[in-house]
Amino acid sequence: MTRAMGAAMRRIHVGNALSAFGLGFTVPYLYVYVAQVRGLGAMTAGLVLAVFAVAALVVLPFAGRAIVRRGPLPVLLAALVAAAVGALGLGVASSAATVLSAAAVLGAGQAVTQPALATMIVDCSSAETRSRAFAMQFFLQNLGLGVGGLIGGHLVDTSSAASFTLLFAIEAAMFLLLVVVMVTVRLPHAPRFEAAPVASGRGGWKQLLGNRAMVQLCVLAFVLFFACYGQFESGLSAYGVEAAGISTSALGTALAANTLVIVVAQFAVLRFVERRRRSRVIAAVGLIWAVAWAVAGYAGLGHGSQEMATAAFVSTYALFGLGEAMLSPTVAPLVADLAPEGMAGQYNSAFALVKQLALAVGPAVGGPLGASLHAPYIVAFLLFSLGITFLAVRLGRQLTEVQDQPWLAKSRVVARGGAPISADV
């Protein structure tokens with residue numbers, strides 16, 4: 001990595017941390033703010049959460065083409081300004097119409113920042129540094145969300161709408177500060193080891209759908225996000241409260257355990273996975289999550305004490321965190337390595353679209369199931385986790401050796417008697 005790439009990457013990581021820090025101030029309290037503080041009721045609060053998902057699904061198909069044509073930086077700056085406007089709008093909105101409109105703007109802006117930042121990471125990394133770069137991104141996102149949520153929890157007052165306005169103003173300020181940081185970024189373009197055809201934004205979706213490995217990865221990603229992230233604050237929490245008798249404070253402890261495992265274990269896990277086949281790492285995550293669902297089954301369906309049930313439920317979230325730490329340096333870099341030269345924005349947007357779709361469907365399916373049909377819920381998602389293992393093994397057959405084992409790219413160059421490819425070339 002050249003000095004210019006390193007400097008750009010540091011700014012991108014600062015931007016990721018700032019964005020997550022700002023979101024942490026408001027995300028945990030959005031439902032309470034809309035339903036109770038603004039007095040708009042549970043229905044409107046639920047619609048706000050749905051609007052976030054719908055806005056993302058609407059804009060992401062166009063975001064990829066814009067990133068390919070204009071570059072990730074201009075798209076990111078426009079998305080950040082939109083997100084700031086939406087955050088400020090939510091902070092001062094008092095009617096259902098204004099709240100929903102502001103949520104749509106914020107959701108659209110926030111959704112587009114994900115593939116834009118991911119594409120910038122691709123442009124500022126090489127095959128052998130990309131896994132570490134995405135691991136750092138995931139680490140900073142979780143750290144920023146956790147710290148932002150902790151500080152926001154001390155600032156918020158459910159009896160004062162002004163305290164929530166302050167939180168949304170801080171969130172908007174973080175987005176605008178990120179604009180200032182990103183304006184200074186100069187994006188070098190990382191070299192590619194594998195030969196890939198150059199493609200433009202035209203026909204990008206058709207070309208993507210013709211890539212069997214990418215299509216299989218998208219199917220796998222849908223199951224990953226549906227069976228894990230889509231259940232955290234819906235089906236799994238409902239199951240914990242209804243079946244296991246978990247208190248709200250214990251649920252908070254479980255979420256904290258998830259974040260703590262990610263923050264503490266991320267780089268130890270990175271050293272373990274970065275020299276192993278990506279497909280096998282993802283397959284191992286499926287097995288770990290299957291164990292997590294079995295432990296959750298014990299928490300709600302076993303006959304132990306309440307203390308044992310609580311400990312098992314917290315352990316479930318911790319095991320999910322371990323799997324997440326293994327995925328962060330694996331899946332996102334694989335998306336980048338599957339993309340032909342110049343198409344990283346299109347592929348990152350498609351991946352973000354699949355993620356948003358899974359996060360929209362997951363709570364809708366898991367919430368009612370986890371609250372009322374306890375045993376079928378556990379069995380179903382245990383099978384989904386085993387399905388992750390099956391799909392990962394199948395995906396491995398579609399990947400080239402370098403895509404599945406990216407460190408081979410550098411070693412092969414050295415083995416042929418040449419020097420590793422440099423970004424200065």
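Sequence positions, counted from 1, serve as the residue numbers for this chain.
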Donor-acceptor under 3.5 Å (Ser19 side chain, Gly15 main chain) | no
Determine, step by step, whether Leu399 and Leu338 satisfy the side chain to side chain contact (heavy atoms under 4.5 Å, CB included) criterion, reporting the C-alpha distance in whole Å, the side-chain angles of both residues, the deciding distance to 0.1 Å, and the verdict.
-> CA-CA 9 Å; Leu399 302 177; Leu338 287 174; 3.9 Å; yes
Exercise: identify the closest heavy-atom pair between Ile388 and Leu220 = O-CD1, 3.7 Å
Donor-acceptor pair, side chain of Glu242 and main chain of Ser237, under 3.5 angstrom = no
Can you name the closest pair of heavy atoms from Ser315 and Val295 and give their distance?
-> CB-CG1, 4.3 Å
Could you give the distance from CG (Leu60) to CG (Leu357), rounded to the nearest 0.5 Å?
-> 10.5 Å
Would you call Asn348 and Val122 a side-chain contact if the rule is heavy atoms closer than 4.5 Å?
-> yes
Can you measure from CD1 (Ile121) to SG (Cys124) and round to the nearest 0.5 angstrom?
-> 8.5 Å
Output, in order, the C-alpha distance, side-chain angles, deciding distance and verdict of side chain to side chain contact (heavy atoms under 4.5 Å, CB included) for Phe62 and Val75.
-> CA-CA 11 Å; Phe62 304 99; Val75 175; over 6 Å; no
Distance-only, no hydrogens or angles: does the Gln231 side chain make a donor-acceptor pair with backbone N or O of Phe226 under 3.5 Å?
-> yes
Leu208 to Ala350 - nearest heavy-atom pair and separation = CD1-CB, 3.6 Å
Pairwise distance CG(Leu287) to CD1(Ile282) - rounded to 0.5 angstrom = 12.5 Å
Is the backbone of Gln141 close enough, under 3.5 Å, to the side chain of Asn16 for a donor and an acceptor to pair up by distance?
-> no
Hey, does Phe175 have a side-chain heavy atom less than 4.5 Å from the side chain of Thr113?
-> no
Rounded distance (nearest 0.5 Å) linking atom CH2 of Trp289 with atom OG1 of Thr389 | 10.5 Å
Okay, side chain of Gln356, backbone of Ala53: is any donor-acceptor separation there less than 3.5 Å?
-> no
Any side-chain heavy-atom pair of Met9 and Met136 under 4.5 Å = no
Ignoring hydrogens and geometry, is there a side-chain-to-backbone donor-acceptor pair from Thr259 to Ala256 under 3.5 Å?
-> no
Between the side chain of Glu324 and the main-chain N/O of Ile262, is any donor-acceptor distance below 3.5 Å?
-> no
Please lay out, stage by stage, how Val180 and Leu176 fare under the test side chain to side chain contact (heavy atoms under 4.5 Å, CB included).
-> CA-CA 7 Å; Val180 175; Leu176 295 177; over 6 Å; no
State, with a plain yes or no, whether a side-chain heavy atom of Gln266 is found less than 4.5 Å away from one of Asn142.
-> no
Heavy-atom closest contact (Ile67 atom, Gly345 atom, distance) | CG2-CA, 3.5 Å
Heavy atoms, side chains only, cut-off 4.5 Å: are Leu395 and Leu334 in contact?
-> yes
Sub-4.5 Å side-chain heavy-atom contact between Gln398 and Ser279 = no
Of all the heavy-atom pairs spanning Leu236 and Trp293, show the shortest one and how long it is.
-> CD1-CZ3, 3.7 Å
Check step by step if side chain to side chain contact (heavy atoms under 4.5 Å, CB included) holds for Leu76 and Val112.
-> CA-CA 7 Å; Leu76 175 64; Val112 175; over 6 Å; no
For the side chain of Thr184 and the backbone of Val181, is there at least one donor-acceptor N/O pair under 3.5 Å apart?
-> yes
So, Phe138 versus Phe134, ring centres under 6.0 angstrom or not?
-> no
Please check if the side chain of Gln346 supplies one atom and the backbone of Met343 the other of a donor-acceptor pair under 3.5 Å.
-> no
Which value, rounded to the nearest 0.5 Å, describes the distance between Gln137 atom CD and Gln114 atom CD?
-> 9.0 Å
Phe381/Tyr377 aromatic ring centres below 6.0 Å = yes
Check the angle between the aromatic planes of Tyr229 and Phe225 and answer parallel, tilted or perpendicular using the 30° and 60° thresholds.
-> tilted
Heavy-atom side-chain contact between Tyr33 and Phe168 under 4.5 Å = yes
Flag side-chain contact, heavy atom, 4.5 Å: Val335 against Met214 | yes
Heavy-atom closest pair (Pro72 atom, Asp123 atom, distance to 0.1 Å) is CG-OD2, 3.9 Å
Might you work through the ring pair (Phe, Tyr, Trp, His ring centres under 6.0 Å) test for Tyr347 and Phe351, ending with a clear yes or no?
-> CA-CA 6 Å; Tyr347 276 57; Phe351 182 77; over 10 Å; no
Give a yes or no on whether the backbone of Ala296 and the side-chain of Tyr239 come within a donor-acceptor separation of less than 3.5 Å.
-> yes
OG1/Thr119 to CD1/Ile12 distance, rounded to the nearest 0.5 angstrom?
-> 10.0 Å
